[in-house]
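Have a look at the structure below before the remarks.
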Amino acid sequence: MEFICGWLLMLSAFVSGTAGAVENGLGSEVGLLMDTAKEAEFFGWMRSVRRRIHEYPELAFEEHKTSQIIRSELDSLGIEYSWPVAKTGVVASIGSGKQPWFSLRADMDALPIQGTVKLVFQPGEEGHAGAYHVLKEGALDDFQAIFGLHVSPGMPTGTVGSKPGPLLAGAARFSAVIKGKGGHAASPHVGRDPVLAASLAILALQQIVSRETDPLEARVITVGFIEAGQAANVIPETVRFGGTLRSLTTEGLLYIQQRVRQVIEMQAAVHRCTATIDFMEEKLTPYPATVNDEAMYEHAKSIAEILLGQPNVHLLPATMGAEDFSFYAQKMPAAFFFIGTKNETLKSDKPLHSPLFVMDEEALPIGAALHAAVAISYLESHAVEGL
């Protein structure tokens with residue numbers, strides 16, 4: 001989150017430094033955006049902002065220091081913004097304020113041309129559906145499109161990639177408690193064993209995907225934890241387990257949720273136990289599948305090919321990871337891309353969410369230029385006639 005916020009601030013300053021250069025259209029100016037982003041003074045400032053943000057890692061909806069840094073930089077650049085949005089979020093605006101409006105979630109650049117770019121500094125992406133709350137507050141009403149980037153340590157620095165249509169899975173979490181009757185291990189007939197019921201329920205869950213759904217439609221049920229008793233010679237009264245459900249379609253996710261409840265309750269009943277299943281929808285809102293709009297994908301892809309060259313823009317396979325950018329994609333045409341940060345010299349190839357993860361900061365100017373060019377070219381091609 002903090003890394004992407006840094007990109008948006010970088011783009012805000014980038015606009016003021018390149019405004020006069022793009023007034024006559026895109027064309028070769030796309031290359032100029034990249035050259036300007038790589039200038040030593042500008043790149044040094046980008047690195048400074050990014051590192052300041054990362055000095056204060058904050059959890060979902062607690063990004064108070066990050067939000068303060070963002071607002072301070074926006075104030076210094078003379079950019080107006082709305083705050084708070086979804087508790088700690090910021091939505092800034094550059095341009096005339098007239099339609100059309102284009103938004104960049106987490107990274108942006110814009111120019112004083114006909115149209116407006118909205119900067120969406122979104123809190124709470126990691127499992128807390130911050131995008132859903134931003135939309136719920138109406139902060140992105142009347143927007144025509146949105147674009148977003150996510151770092152990828154599996155792709156070399158200097159490359160980007162995505163695909164049209166379904167890109168990332170919809171995801172939900174669940175927690176189940178099976179309650180039986182505890183007792184001594186020597187007398188299992190006296191009790192009702194929730195461990196046995198939970199074990200068979202977990203096995204039965206795997207048959208939902210393998211035997212009930214089309215094998216050509218990607219879906220996953222993963223049980224990630226099991227909690228039972230502490231003593232080897234005691235049958236516990238309860239067993240708690242849970243995990244995640246994933247599908248490349250939102251409809252598929254809803255089906256899996258329904259069947260998970262039915263299967264767990266049935267296995268509990270067969271073994272004379274009871275079951276309670278919680279999908280935690282109020283605390284951890286399920287994410288729909290992230291689906292790229294084909295036209296927006298082609299637009300961003302064509303700009304990336306101008307900036308980086310066609311060989312460096314990859315068609316990626318869909319994966320079963322999840323992103324709350326999917327909520328934006330449900331509301332407006334959206335394109336979500338991955339940007340490479342892998343540099344073997346820096347050993348920046350460790351996976352996301354790893355404590356060993358580091359990033360190649362040479363990706364910063366690439367991301368800045370790409371966001372700027374995607375926004376500028378979109379506004380130029382969608383400007384309202386007669387303004």
Side-chain angles (χ1 to χ4, degrees), residues 1-4 59-61 63 86 89 105-107 120 122-136 140 146-155 160-175 205-206 208-209 213 216-225 242-261 277-293 296-297 316-339 341 351-354 357:
M1 172 62 185
E2 293 86 354
F3 165 65
I4 302 176
L59 300 178
F61 299 113
E63 307 94 331
R105 197 273 314 251
D107 302 279
V120 185
Q122 178 214 302
E125 185 274 328
E126 295 293 347
H128 290 267
Y132 168 82
H133 294 282
V134 170
L135 292 171
K136 186 178 179 180
L140 270 66
I146 190 168
F147 177 70
L149 277 178
H150 196 293
V151 297
S152 174
M155 298 169 55
V160 298
S162 188
K163 70 179 292 291
L167 175 67
L168 297 168
R173 303 187 188 190
F174 76 95
S175 175
L205 289 179
Q206 301 308 311
I208 295 174
V209 173
T213 67
L216 298 180
E217 297 178 2
R219 302 179 192 186
V220 174
I221 299 175
T222 296
V223 174
F225 72 89
T244 67
L245 320 172
R246 298 170 187 266
S247 171
L248 281 180
T249 66
T250 301
E251 296 77 15
L253 184 64
L254 293 174
Y255 174 80
I256 292 176
Q257 282 184 302
Q258 180 185 30
R259 289 294 291 131
V260 163
R261 181 183 297 279
I277 300 95
D278 182 9
F279 290 104
M280 300 176 280
E281 293 178 338
E282 293 186 4
K283 182 179 180 181
L284 297 171
T285 304
Y287 288 6
T290 300
V291 181
N292 276 338
D293 176 79
M296 268 301 298
Y297 163 79
L316 301 179
T319 70
M320 301 306 286
E323 240 285 348
D324 73 346
F325 189 86
S326 56
F327 289 102
Y328 300 129
Q330 285 187 322
K331 185 177 179 62
M332 68 193 82
F336 193 70
F337 273 62
F338 289 91
I339 180 169
T341 59
L352 298 171
H353 304 294
S354 164
F357 173 81

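As the structure is a prediction and not an experimental result, all values here were calculated from the model.
Contact detail for Val209 and Arg219: the closest heavy-atom pair is CG1-O, 3.5 Å. Between Ser247 and Ala289, the closest heavy-atom pair is O-CB, 4.2 Å. Taking every heavy atom of both residues into account, Pro123 and Gly89 meet most closely at CD-CA, 3.7 Å. Scanning both residues, Pro286 and Ala172, for their nearest heavy atoms gives CB-CB, 3.8 Å. Residues His133 and Ala86 come closest through the heavy atom pair CB-CB, 3.9 Å. Minimum heavy-atom separation, Gly243 to Phe225: N-CE2, 4.4 Å.
Distance check, rounded to the nearest 0.5 Å: OG1 of Thr341 to NE2 of His150 gives 10.0 Å. The distance from atom CD of Gln330 to atom OG1 of Thr250, rounded to the nearest 0.5 Å, is 5.5 Å. Residue Arg246 holds its CZ atom at 10.0 Å from CG of Leu168, rounded to the nearest 0.5 Å. Atom OG1 of residue Thr319 and atom CG of residue Leu248 lie 8.0 Å apart, to the nearest 0.5 angstrom. Atom CD1 of Ile256 is separated from atom CZ of Arg259 by 11.0 Å, given to the nearest 0.5 angstrom. Atom CZ of Phe327 and atom CD of Gln122 lie 10.0 Å apart (nearest 0.5 Å).
Using cut-offs of 30° and 60° for the angle between ring planes, the Phe61 and His128 rings count as perpendicular. Between Phe325 and Phe336, the ring-plane angle classifies as tilted under the 30° and 60° cut-offs.
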One pair to check against side chain to side chain contact (heavy atoms under 4.5 Å, CB included): Arg261 and Phe174. What are the steps and the verdict?
CA-CA 9 Å; Arg261 181 183 297 279; Phe174 76 95; over 6 Å; no

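Between the side chain of Ser326 and the backbone N or O of Pro288, at least one donor-acceptor pair lies under 3.5 Å.
By the 4.5 Å heavy-atom criterion applied to side chains, Leu167 and Tyr297 are not counted as neighbours. Taking the side chain as every heavy atom from C-beta outward, Gln257 and Glu281 approach each other to under 4.5 Å. Contact annotation: the side chain of Leu245 approaches that of Leu253 to within less than 4.5 Å [non-hydrogen atoms, C-beta and beyond]. Within the 4.5 Å cutoff, the side chain of Pro317 has no heavy atoms near those of the Lys163 side chain. Put simply, the side chain of Tyr132 does not reach to within 4.5 Å of the side chain of Asp324, judged on heavy atoms.
More than 12 heavy-atom neighbours from other residues, nucleotides or ligands sit within 6.0 angstrom of CZ on Phe338.
A search for side chain to side chain donor-acceptor pair (under 3.5 Å) contacts involving Ser175 returns Arg240, not counting sequence neighbours.
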